[in-house]
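So you know, we letter chains A, B, ... as the sequences are listed, proteins then strands, and number each from 1.
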Number of protein chains: 2
Amino acid sequence: MPITIADVAKHAGVSKTTVSRVLNGKGELNAATAARVRQVIAELGYVPSAGAVGLARGRTQIVGMLVPSLTWPWIGQVLQGVVDVVEAEGFGLLLFTCNRGEESLRRFAQQVSAKSFDGLLVIEPEGTLDYITELHQAGLPVVLIDDRGHQPIFPSVATTDRSGGASAARHLLELGRRRPVVVTGPESFGCVQDRLAGFADEYAEAGHPLPPEHVLLGDFTFEQGRSAVGRLLASGASFDAVFAQNDLSASGALLALREAGLRIPEDVAVVGFDDVPLAAYSEPALTTVHQPLREMGDAAARMLLAHFKGTPLPTAAEVLPTHLVVRDSTRSRT
Amino acid sequence: MPITIADVAKHAGVSKTTVSRVLNGKGELNAATAARVRQVIAELGYVPSAGAVGLARGRTQIVGMLVPSLTWPWIGQVLQGVVDVVEAEGFGLLLFTCNRGEESLRRFAQQVSAKSFDGLLVIEPEGTLDYITELHQAGLPVVLIDDRGHQPIFPSVATTDRSGGASAARHLLELGRRRPVVVTGPESFGCVQDRLAGFADEYAEAGHPLPPEHVLLGDFTFEQGRSAVGRLLASGASFDAVFAQNDLSASGALLALREAGLRIPEDVAVVGFDDVPLAAYSEPALTTVHQPLREMGDAAARMLLAHFKGTPLPTAAEVLPTHLVVRDSTRSRT
DNA sequence: CTGAAAGCGCTTACAG
DNA sequence: CTGAAAGCGCTTACAG
């Protein structure tokens with residue numbers, strides 16, 4: 001029932017080869033025949049079957065994307081950046097998550113072996129870096145969207161975690177804050193180390209080295225941000241700023257401070273990291289280090305698609321800059 | 001280089017037909033040969049090419065999903081529900097958005113014609129319902145995840161908008177609130193009408209009909225929620241509760257109330273709708289009507305996949321219940 | 001129980 | 001400039 005290249009050929013009175021040629025613009029062909037074929041294609045509303053084309057050409061025109069989960073607030077931004085580029089180039093995006101652990105990964109591996117896509121974009125599900133590296137070495141084009149500071153041996157897109165941390169520090173120093181507290185993320189993440197190093201170095205250089213007890217190990221959750229700061233307050237520690245390494249834990253910190261009756265930013269200024277939508281809607285609105293999530297998705301997709309067209313994949317990571325977004329959590333309202 | 005069914009056949013000393021049969025478990029076959037073939041498959045790590053299988057069978061084992069955008073806070077939940085089911089059944093999920101308007105839709109239409117997927121799950125991008133209806137009538141299996149209260153003529157999954165609105169009303173009535181204000185979403189949405197009707201009816205029945213000037217037309221944004229309530233306060237209107245029809249505008253309402261120095265919930269209680277993560281992190285934490293987003297994605301995917309296995313698609317919408325989640329915006333803290 | 005052959009809908013040397 | 005034929009990697013009647 002659906003119309004095929006054979007139908008078009010018959011209607012136009014030419015061979016399938018010729019139809020294929022006008023479709024793909026390959027080889028010389030008589031302008032008149034080409035026009036006639038195009039005419040028939042339009043009349044019949046013919047569109048080549050993606051599957052058949054893929055089989056014949058050995059390429060699917062599909063890019064795969066593997067993400068840990070879809071329910072994190074910032075994943076959508078990255079995904080949107082990816083989808084926009086992929087769609088604009090006429091590719092499809094096949095999405096995989098690791099939500100069901102081992103089982104998910106096994107399914108995903110099957111799809112890789114089944115050649116369901118031509119290349120892979122990945123935000124690394126925890127503990128799968130070795131596996132991804134293998135895929136790359138086995139010849140699958142892979143671009144990592146590196147939110148963890150992995151610095152892998154294959155192409156990747158990352159952001160300036162270190163200078164992002166530094167910018168938070170400089171901002172707080174300019175506001176005269178001398179005794180900051182840092183709430184980190186999981187310590188195994190490279191980005192956590194980088195953000196901390198950038199922040200700590202800046203304070204050290206300014207002559208106010210960060211005391212170890214002012215670095216609180218967190219896990220990027222709201223609850224942990226709240227309890228870490230809550231406990232610190234209860235212990236009677238004195239501090240005038242909090243740098244939480246993601247917005248969720250920064251929001252938790254805001255709550256702990258409000259619960260303690262402290263004024264933000266007068267008593268304690270707070271800076272987050274990421275700039276997810278939540279940051280703008282918290283109380284008070286959160287100053288944060290903006291991560292160019294959408295641009296990272298965008299850049300990764302472009303890199304992969306360019307590779308399909310012959311541009312070699314870059315060996316060094318493409319690093320996109322963060323920038324500080326100042327809101328009420330560090331700027332007293334007039 | 002990649003290994004094919006022919007390689008397996010050769011190594012096992014059988015025909016491709018036989019290999020295909022053990023792969024698909026079709027037809028009677030000698031237990032010994034089957035075992036030998038399986039052995040070879042395992043040794044070679046053979047996985048059938050998805051594209052070739054799709055072409056031969058006329059089915060892709062891929063479900064398409066069309067969404068308006070990926071950056072809305074609740075889309076990720078629905079998507080995760082969908083992906084979990086789709087992956088568990090060994091299908092792939094091909095994702096499309098309408099972020100680039102007409103152009104996106106044209107690209108999408110191409111993929112439909114190219115038979116890139118067997119069936120479609122859709123959260124309707126505004127103004128595309130007619131197009132989707134056409135696709136369904138043209139024979140494409142479609143299930144709508146109906147967040148707008150469309151009640152389409154094809155299979156869909158929806159939620160109890162009306163009784164969700166009613167539950168918000170009953171809760172506020174129980175708290176003794178007699179003069180509520182409603183901040184709606186875009187009035188063209190069926191869900192907006194339903195939520196309002198459920199809410200208004202409950203108040204009318206309780207003997208406190210909603211005055212028209214207490215129904216504020218909104219657009220589901222934070223800023224609109226804030227300004228609508230802000231203006232109402234400035235006008236000197238008196239009210240003791242706000243029912244905002246999504247969490248984002250409810251957060252905006254919270255901000256307007258805080259800015260006016262009102263206590264929440266003592267002076268004004270606030271109820272939202274959706275129960276996105278933001279709701280739990282707002283100040284104060286927001287009481288809201290939980291929408292079973294993940295379950296909706298889950299149910300839609302199951303419906304579509306069941307159809308592939310022969311179960312007819314239901315004609316009536318599958319309606320999943322909302323439930324009220326009570327937090328501090330209506331419950332005074334002790 | 002098993003295989004040879006045709007077919008799915010394209011593309012791509014190879015001839016002419 | 002154009003077409004017949006082989007091939008991409010599978011599945012599925014049809015024979016035996």
Side-chain angles (χ1 to χ4, degrees), chain A residues 1-38 40-41 44-62 90 92 110-118, chain B residues 1-38 40-41 44-62 90 92 110-118:
Chain A
M1 200 59 215
I3 103 134
T4 73
I5 197 172
D7 301 321
V8 176
K10 189 177 309 169
H11 281 252
V14 298
S15 71
K16 295 190 291 174
T17 308
T18 298
V19 178
S20 175
R21 273 198 273 259
V22 350
L23 242 21
N24 301 298
K26 283 184 184 169
E28 338 274 275
L29 45 170
N30 181 301
T33 6
R36 184 153 36 93
V37 171
R38 256 186 277 274
V40 174
I41 289 176
L44 269 44
Y46 168 67
V47 177
S49 146
V53 173
L55 184 57
R57 283 214 272 248
R59 296 177 268 115
T60 58
Q61 294 265 98
I62 289 181
Q110 287 272 322
Q111 301 267 11
V112 174
S113 306
K115 310 219 154 303
S116 298
F117 44 83
D118 300 334
Chain B
M1 200 62 214
I3 102 134
T4 72
I5 196 173
D7 300 321
V8 176
K10 190 176 307 169
H11 281 252
V14 299
S15 71
K16 294 189 293 175
T17 308
T18 299
V19 178
S20 176
R21 274 199 272 261
V22 351
L23 243 21
N24 302 298
K26 284 185 182 166
E28 338 274 272
L29 46 170
N30 181 302
T33 6
R36 185 152 36 91
V37 171
R38 257 186 276 275
V40 174
I41 288 177
L44 266 43
Y46 168 68
V47 177
S49 147
V53 173
L55 184 58
R57 285 214 271 246
R59 296 177 269 114
T60 58
Q61 294 265 101
I62 289 182
Q110 287 272 322
Q111 301 267 11
V112 174
S113 306
K115 310 219 153 303
S116 298
F117 43 83
D118 300 334

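- Here B/His11 contributes atom NE2 and B/Ile41 contributes atom CD1; the two are 12.5 Å apart, rounded to the nearest 0.5 Å.
- Of the candidate nucleotides C/dG3, D/dG9, D/dT11, D/dG9 has the atom nearest to the side chain of B/Ser49.
- The distance from atom CD1 of B/Ile3 to atom P of D/dC8 is 15 Å, rounded to the nearest whole Å.
- The partner of D/dT2, taking Watson-Crick or G-U wobble pairs whose two distances both stay under 3.5 Å, is C/dA15.
- Nucleic acid contact class of B/Thr4 (heavy atoms, under 4.0 Å, all strands): sugar-phosphate only.
- As a whole-Å value, the separation of A/Leu29 CG from D/dC1 P is 8 Å.
- Across all strands, B/Ser20 comes closer than 4.0 Å to base atoms (heavy-atom distances).
- When each of A/Gly51 and B/Thr33 is assigned the nucleotide of DNA chain C with its nearest heavy atom, B/Thr33 is the one assigned upstream, toward the 5' end.
- In this structure, the CZ atom of B/Arg59 is 13 Å from the C1' atom of D/dC10, given to the nearest Å.
- Of the side-chain N and O atoms in B/Thr18, one or more sit less than 4.0 angstrom from OP1 or OP2 of C/dG3.
- What separates CG of B/Asn30 from P of C/dC1 is a distance of 7 Å, to the nearest Å.
- Positionally, the nearest nucleotide of DNA chain D for A/Ala31 lies more toward the 5' end than for the other of A/Ala31 and B/Ala6.
- Judged by closest nucleotide on DNA chain C, A/Val47 is the one of A/Val47 and A/Arg21 placed further toward the 5' end.
- Between the side chains of A/Ser20 and A/Thr17, no donor N or O sits under 3.5 Å from an acceptor N or O.
- Between B/Asp7 atom CG and D/dG9 atom P there is a gap of 9 Å when expressed in whole angstrom units.
- Judged by distance alone, the side chain of B/Asp118 and the main-chain N or O of B/Gln61 form a donor-acceptor pair under 3.5 Å.
- Between the CZ atom of A/Arg57 and the C1' atom of C/dA13 there is a distance of 16 Å, given to the nearest Å.
- Looking at heavy-atom distances under 4.0 Å, A/Lys26 makes contact with sugar-phosphate atoms alone, never a base.
- Heavy atoms of B/Thr17 sit under 4.0 angstrom from at least one base atom.
- Atom-to-atom distance recorded for A/Lys10:NZ and A/Leu44:CG is 11.0 Å, nearest 0.5 angstrom.
- When the P atom of C/dT11 is taken as reference, atom CG of A/Leu23 falls 6 Å away, rounded to whole Å.
- Remark: P of C/dG3 and NZ of B/Lys16 are 13 Å apart, rounded to the nearest angstrom.
- Side chain to side chain, A/Arg36 and A/Asn30 fail the donor-acceptor criterion of an N or O pair below 3.5 Å.
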